[in-house]
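Below is one structure; the comments refer to it alone.
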Amino acid sequence: MATPLDIRHDQSLRGLNTFGIEAKAASYLRVTGTDDLRAIHADPVLSALPRLVLGGGSNLLLTRDIDALVLHMTNLGIAVSDEDDDQVIVTAQAGEGWHAFVQWTLAHGLPGLENLSLIPGSVGASPIQNIGAYGSELADYFHSLHAFDFATGEVIELDRRACAFGYRDSVFKHALRDRAVVLDVSFALPRRWQANLRYAELAAELALRSHAQPTAKDISDAVVAIRTRKLPDPARTGNAGSFFKNPVVSSDRRDALLAQYPGLVSYLQPDGSFKLAAGWLIDQCGWKGRSLGAAGVHEQQALVLVNRGGATGADILRLATAICDDVYATYGVTLEPEPVVV
Ligand SMILES: Cc1cc2nc3c(=O)[nH]c(=O)nc-3n(C[C@H](O)[C@H](O)[C@H](O)COP(=O)(O)OP(=O)(O)OC[C@H]3O[C@@H](n4cnc5c(N)ncnc54)[C@H](O)[C@@H]3O)c2cc1C
């Protein structure tokens, strides 16, 4: 006989989101595998509830109590699922911690994911916004994933194309939103690996460490060092990393802005558009280090909003809105939040 689901009520989510914001989940379940999701789907009362899937809570801003069934993904396991002369396919369950998974691959002599070291959160959430950092993104080494589809009650397999990855974007923010729960993710790691040192700051850090031909572990260590220096540790200061995406504009728009603001920081994209450094725009508007109540802008990173202690989600949102309004009034550029605001 199937074990009954251990659904809890009025569960505090304070320790389950990296902003450290208090919010209660009306219903909460630690999901340990596909059977839990099948059981919810088969139950007419539970399947009718709105759902919120939760990983490490590092890309979430909770602005209210959650009147939904929170599905906290805790299924674990990492294994090599296939290999040939060119690549090794490694599969990790959704509840695995992302950084621990990257370290597992490196410890097993499987390079590829090192530039993405120390990104907080779970493996299951990594495809949702196609996590990226230091010149690399998840899509570079993504192979496929399994997800539970609440529309059909079936487990589906999606390849890279089906995931429609973009800049901090995927099918899970569109057609499969509120529908698919990622169960596991597979990565194709190359046997013939090449260091990715496209990101100037990373190359400089490795040069400083006298690594002329760095290994994947050297790169991971350098990324960890840079991130530790630059970003607040959520265990000490509540935050969700970059709060805004870098806005993408046409080359004409970027040229017009550059003529007016010669210091503008922008990056050419493969399609000819430009990504503007949102942190630079916010910094120029004088927000770095400022606070509105208990919500603040980090002293070293204008892109990072922090909980200075006791902030509510509404406090953080108020600060974010004030910053957006200011950047729009000054540059005519719209900033979009990166975390999911609930
Ligand atoms: C200090 C710091 C630094 C960061 N740096 C980076 C960075 O460099 N690059 C970057 O891309 N991100 C960065 N982030 C953001 C964050 O780490 C990533 O977005 C991460 O993938 C979120 O994982 P999570 O498990 O915490 O997701 P959560 O915050 O729990 O959830 C995020 C979204 O994904 C959905 N979701 C979660 N798990 C699943 C699942 N199994 N199936 C379906 N949907 C799911 C949730 O419903 C929610 O919509 C940073 C965050 C912090 C706090």
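Numbers for residues simply follow the sequence, beginning at 1. Indexing begins at 1, ligand by ligand and atom by atom, following the structure's order.
Evaluated for a side chain to side chain donor-acceptor pair (under 3.5 Å) with Ser220, the options His99, Gln103, Glu114 yield exactly one hit, Gln103.
Under 4.0 Å from ligand 1, heavy atoms of Asn239 appear from its side chain as well as its backbone. Both the backbone and the side chain of Asn59 come within 4.0 Å of ligand 1, counting heavy atoms alone. When non-hydrogen atoms are compared, ligand 1 lies under 4.0 Å from the backbone of Val182 as well as from its side chain. With a 4.0 Å heavy-atom cut-off, ligand 1 is reached by the backbone of Ile131 and by its side chain too.
Side-chain rings of Tyr261 and Tyr331 approach one another, their centers coming within less than 6.0 Å. In this structure, the ring of Phe187 has its center no less than 6.0 angstrom from the ring center of Trp104.
Scanning Thr18, Val53, Leu60 for the heavy atom closest to atom 46 (C) of ligand 1 points to Val53. Relative to atom 34 (O) of ligand 1, the option among Ile128, Asn17, Leu116, Leu16 with the closest non-hydrogen atom is Ile128. Proximity annotation for atom 52 (C) of ligand 1: of Ala133, Gly241, Ala125, Ala147, Gly241 comes nearest, heavy atoms only.
Among protein heavy atoms, the minimum distance from atom 14 (N) of ligand 1 is reached at Ile119 CG2, 4.2 Å. Gln129 NE2, 3.2 Å is the protein heavy atom nearest to atom 12 (N) of ligand 1. For atom 20 (C) of ligand 1, the nearest non-hydrogen atom of the protein is Pro120 O, 3.5 Å.
Under the 4.0 Å criterion applied to side-chain N and carboxylate O atoms, Glu201 and Lys230 are assigned as salt-bridge partners. Using a cutoff of 4.0 Å between basic side-chain nitrogens and carboxylate oxygens, Asp6 and Arg30 are not scored as salt-bridged. In this structure, Glu299 does not pair ionically with Lys288, as no charged nitrogen and carboxylate oxygen lie closer than 4.0 Å. Salt bridge present: Asp86 and Arg192 bring a charged side-chain N and a carboxylate O closer than 4.0 Å.
The shortest heavy-atom distance from Ala180 to ligand 1 is under 4.0 Å. Contact between Arg227 and ligand 1 is present, with at least one heavy atom of the residue lying under 4.0 Å from the ligand.
Ligand 1 has an N or O atom lying under 3.5 Å from an N or O atom of Gly56, backbone or side chain.
Heavy atoms from other residues, nucleotides or ligands lying under 6.0 Å from CZ of Arg177 number 12 at most.
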Report task. Please test Lys245 against Glu336 for salt bridge (Lys or Arg N to Asp or Glu O under 4.0 Å), starting from the C-alpha separation and ending with a verdict. Result -> CA-CA 6 Å; Lys245 294 187 212 172; Glu336 276 179 43; 3.5 Å; yes
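The ligand atoms of ligand 1 that sit less than 4.0 angstrom from a heavy atom of Gly57 are 24 (P), 26 (O), 28 (P), 29 (O), 30 (O). For ligand 1, the atoms sitting less than 4.0 Å from at least one non-hydrogen atom of Gly132 are 7 (C), 8 (O), 9 (N), 10 (C), 11 (O), numbered in the order shown with element in parentheses.
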